[in-house]
There are 2 protein chains.
Amino acid sequence: MTRTVSLVLVGLGNLGRRFCELLMEKDAWLRQRYGLVLRLVGAADSRGAAYDPENGLDPASLARLKCSGGSVADYPGVGQPYCSALALVEMAEADMLLEASPVNLQQGAEPGLSCIRMALRRGMHVVTPNKGPLVLAYRELHGLAEAHGVALRFDGTVAGGLPALYLGQRDLRGAVIRRLDAVPNLVTGYVMDMLADGIGWEEALAAAREEGVLEADTSWDLDGWDAAAKLVILANAVLGCPARLEDVHRTGIGALDRDELLKARQRKCRYRLLATAQRVDQGDYALTVRPVALNEDHPFGRLGRKQMGVLFETDIYGTIVATIDEPDPVPSAATMLRDVLDIGLERGL
Amino acid sequence: MTRTVSLVLVGLGNLGRRFCELLMEKDAWLRQRYGLVLRLVGAADSRGAAYDPENGLDPASLARLKCSGGSVADYPGVGQPYCSALALVEMAEADMLLEASPVNLQQGAEPGLSCIRMALRRGMHVVTPNKGPLVLAYRELHGLAEAHGVALRFDGTVAGGLPALYLGQRDLRGAVIRRLDAVPNLVTGYVMDMLADGIGWEEALAAAREEGVLEADTSWDLDGWDAAAKLVILANAVLGCPARLEDVHRTGIGALDRDELLKARQRKCRYRLLATAQRVDQGDYALTVRPVALNEDHPFGRLGRKQMGVLFETDIYGTIVATIDEPDPVPSAATMLRDVLDIGLERGL
């Protein structure tokens, strides 16, 4: 016996496209292991949408379209160049919205935020690796989800494929978290390691861009906004603390002294952009993001260039550290699968 | 608004007693954070039982009784010296059984196994950190739980307070696990580190006993039975592989050469008893437990004497490593709280 969960996917950049590939590769395994069929019925990118509740959309065709520079609007037969993502979410009949459009805080996290609001109001579960809507409207969106009896999951917003949020939210239940440390951003570590190798700034940034780990807006990563956004989500989701972006004391890596990086390397220390929540009086947390030289004995002192991590210092579960080695962007896209399966299986859709 | 979950606790050794202390210390926090009241209505140890559904049992009094060498049977008013654990589970009205009696494979994992069977048949959820019943009857007990629509949770059976099972079962859904490595046993690492320090066997064992990390039956730990039992549980719960204790290729630490330990230390390697499941053809796994010299770059190469870890090499979530630093036995007892809260909140008791 199999159950079918119908999905609408908004955003077909790196994550969305790779999620389509995962749907294709994992189809047989998901049927066999969980008796679950994930069926894509709608998709939208910035140039249009496609919707086919009867036959579903073929994830392989969508992935190919995007790889060749096309748009969802070109999808044979059902592609609609004048349909927006929001219009799709407003009319589609589906169990879940997957919102994978890029972070876009400057423009009010749109169109992601509106799509998520619409889906929750329409009684659809929502999965998103997009930090923007959660940073801007964490409480509002959770209130909407609760009011409409649906799930809102966003494991992919923090530290790529590492289940940092689930670990903190579920596995540490009952504990007081005294301190949380995270290295939730890849590119800053990558760049600082290259600088410590003696490579110049421009060359290091070019290499990071080449690797596909640096966003177009370099300030987002290098000035610590990305790490701060992730810390805000961790604070809200795990620490129960209604933090906002402006609550984070943030220092980027731009002002780092080259000599200091070289000297740290000689001391066998490794610089990482560390996001920290330290518990202060009354259960409140002090939030900071800053580059820190970590020695070899620090749990993050040996993190490689494709590795991230999170550390929870607790009262009753000791100190728990989790790290991930992500040689490619697949794990970040796979977080959407993790969230979908979690909703599908835990909620018995 | 608060909800009350009623508990029966069998076994008041180290774990059970500490769980009572946790109930006491966490009472206010659990009410405030989760709206949950955990109410102990029955308890049993090897010398008797106590049951008071009207007023509940005071966990602080129980912990004090045990600390002073007494028995549950001495509990004022309701202690019953001639009531067995099984008789208590058979007649008690409660939402959950917490089965925390010691591992006892030689005697068919009794009385734990019978108590768990009885509770599941009576429609009670079961939480247990006791490996014995799961190693002997994993499938049977899960079948019973499913047939009676109740939960069976056992996070504390593997690697102390580290949520190794939850991580593998929930957070890696959708993935194929290619390899699992675990350092799930504290005492073997503790002893091997002392031997590498140049300390003799007898002294090392005495120190481990002093620390309370060595079981009375030293063979259970030193010959790798404990690690093998944990690997069997990981294989069943996480890898979906119906492994049994006899399927594990097991090498203990007893035959380890002292010189080799000293030489490994000079090479900056650390010996740990490593439990490994390696995926082979057809989704089957080869299971081994053996002492291995881990170099500094290995994710477990810097584990301290009070640290354990688990590593999952997956197809879509990269490689995820989780470690725990457990300075005292509280985290191991707290796994019962984790399980109770998980059932209480996820099942909406």
Side-chain angles (χ1 to χ4, degrees), chain A residues 18 22 25-26 29-30 33-34 36 38 155 160-167 170-176 240 296-297 299 301-302 304 306-311 313-328 330-335 337-342 344-346, chain B residues 18 22 25-26 29-30 33-34 36 38 155 160-167 170-176 240 296-297 299 301-302 304 306-311 313-328 330-335 337-342 344-346:
Chain A
R18 281 178 199 273
L22 279 174
E25 290 159 16
K26 286 289 180 180
W29 172 257
L30 296 177
R33 182 78 184 255
Y34 307 107
L36 215 61
L38 301 183
D155 186 62
L162 189 70
L165 292 172
Y166 282 124
L167 189 54
R170 299 197 291 212
D171 298 328
L172 302 185
R173 276 194 194 113
V176 171
E296 287 189 302
D297 289 328
R302 299 171 83 84
K306 298 293 183 82
Q307 299 183 338
M308 291 174 280
V310 64
L311 175 156
E313 190 187 309
T314 76
D315 60 341
I316 60 171
Y317 297 118
T319 297
I320 290 178
V321 179
T323 61
I324 188 165
D325 183 49
E326 257 191 58
D328 55 47
V330 171
S332 291
T335 61
L337 184 63
R338 175 186 288 150
D339 284 345
V340 167
L341 291 177
D342 198 76
L345 298 171
E346 300 284 337
Chain B
R18 280 179 201 273
L22 279 174
E25 290 159 16
K26 286 288 180 180
W29 172 257
L30 297 178
R33 182 79 184 253
Y34 307 106
L36 215 60
L38 301 182
D155 187 63
L162 189 69
L165 292 172
Y166 282 124
L167 189 54
R170 298 197 291 211
D171 298 328
L172 302 186
R173 275 194 195 113
V176 170
E296 286 189 304
D297 288 327
R302 300 172 82 86
K306 297 292 183 82
Q307 299 183 337
M308 291 174 281
V310 65
L311 174 156
E313 190 188 309
T314 76
D315 60 343
I316 59 170
Y317 297 118
T319 296
I320 290 179
V321 179
T323 61
I324 188 165
D325 183 51
E326 259 192 56
D328 56 48
V330 171
S332 291
T335 60
L337 184 63
R338 174 186 289 151
D339 284 343
V340 167
L341 291 177
D342 197 77
L345 299 171
E346 300 284 338

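Here is the naming used below: chain letters follow the sequence lines, and residue numbers restart at 1 for every chain. Fair warning: this is a prediction, and the values are worked out from it, not measured in the lab.
Residue B/Leu311: no heavy atom, backbone or side chain, is found under 4.5 Å from chain A. At a 4.5 Å heavy-atom cutoff, the contact between B/Thr335 and chain A is made by backbone atoms alone. Interface remark: A/Ala333 contributes no atoms to any contact with chain B (heavy atom separation under 4.5 Å). In this structure, chain B has a heavy atom under 4.5 Å from the side chain of A/Arg33, while its backbone stays farther away. Contact annotation for B/Glu296: both backbone and side-chain heavy atoms come within less than 4.5 Å of a heavy atom of chain A. Interface residue A/Leu30: only side-chain heavy atoms are found under 4.5 Å from chain B. Of the atoms belonging to B/Ile320, heavy atoms from both backbone and side chain fall under 4.5 Å from chain A.
A/Arg173 forms no cation-pi arrangement with B/Tyr34, by the criterion of a distance under 6.0 Å to the ring centre and an angle within 45° of the ring axis. A cation-pi contact, defined as under 6.0 Å to the ring centre and within 45° of the axis, is absent between B/Arg170 and A/Tyr166.
Ion pairing between a basic and an acidic side chain is recognised when a charged N comes within 4.0 Å of a carboxylate O; A/Asp297 and B/Arg302 show such pairing.
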Start with the C-alpha gap between A/Lys26 and B/Val176, add the side-chain angles, then the distance that decides, and say whether side-chain contact (heavy atoms from CB on, under 4.5 Å) holds. CA-CA 10 Å; A/Lys26 286 289 180 180; B/Val176 170; 3.9 Å; yes
Run B/Glu25 and A/Asp315 through side-chain contact (heavy atoms from CB on, under 4.5 Å) and show every step you take. CA-CA 11 Å; B/Glu25 290 159 16; A/Asp315 60 341; over 6 Å; no
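Per-residue heavy-atom pair counts under 4.5 Å with chain B were compared for A/Gly240, A/Gly304, A/Ala175, and the maximum is reached by A/Ala175. Among A/Gly318, A/Pro327, A/Ser332, A/Ala334, the residue with the largest count of heavy-atom pairs under 4.5 Å with chain B is A/Ala334. Among the candidates A/Leu341, A/Leu337, A/Thr319, A/Asp339, the residue making the largest number of heavy-atom pairs closer than 4.5 Å to chain B is A/Thr319. Options A/Gly161, A/Gly174, A/Gly309 differ in how many heavy-atom pairs under 4.5 Å they form with chain B, and the most are formed by A/Gly174.
With B/Asp171 as the fixed residue, the side-chain contact (heavy atoms from CB on, under 4.5 Å) test singles out one of A/Asp342, A/Asp171, A/Leu162: A/Asp171.
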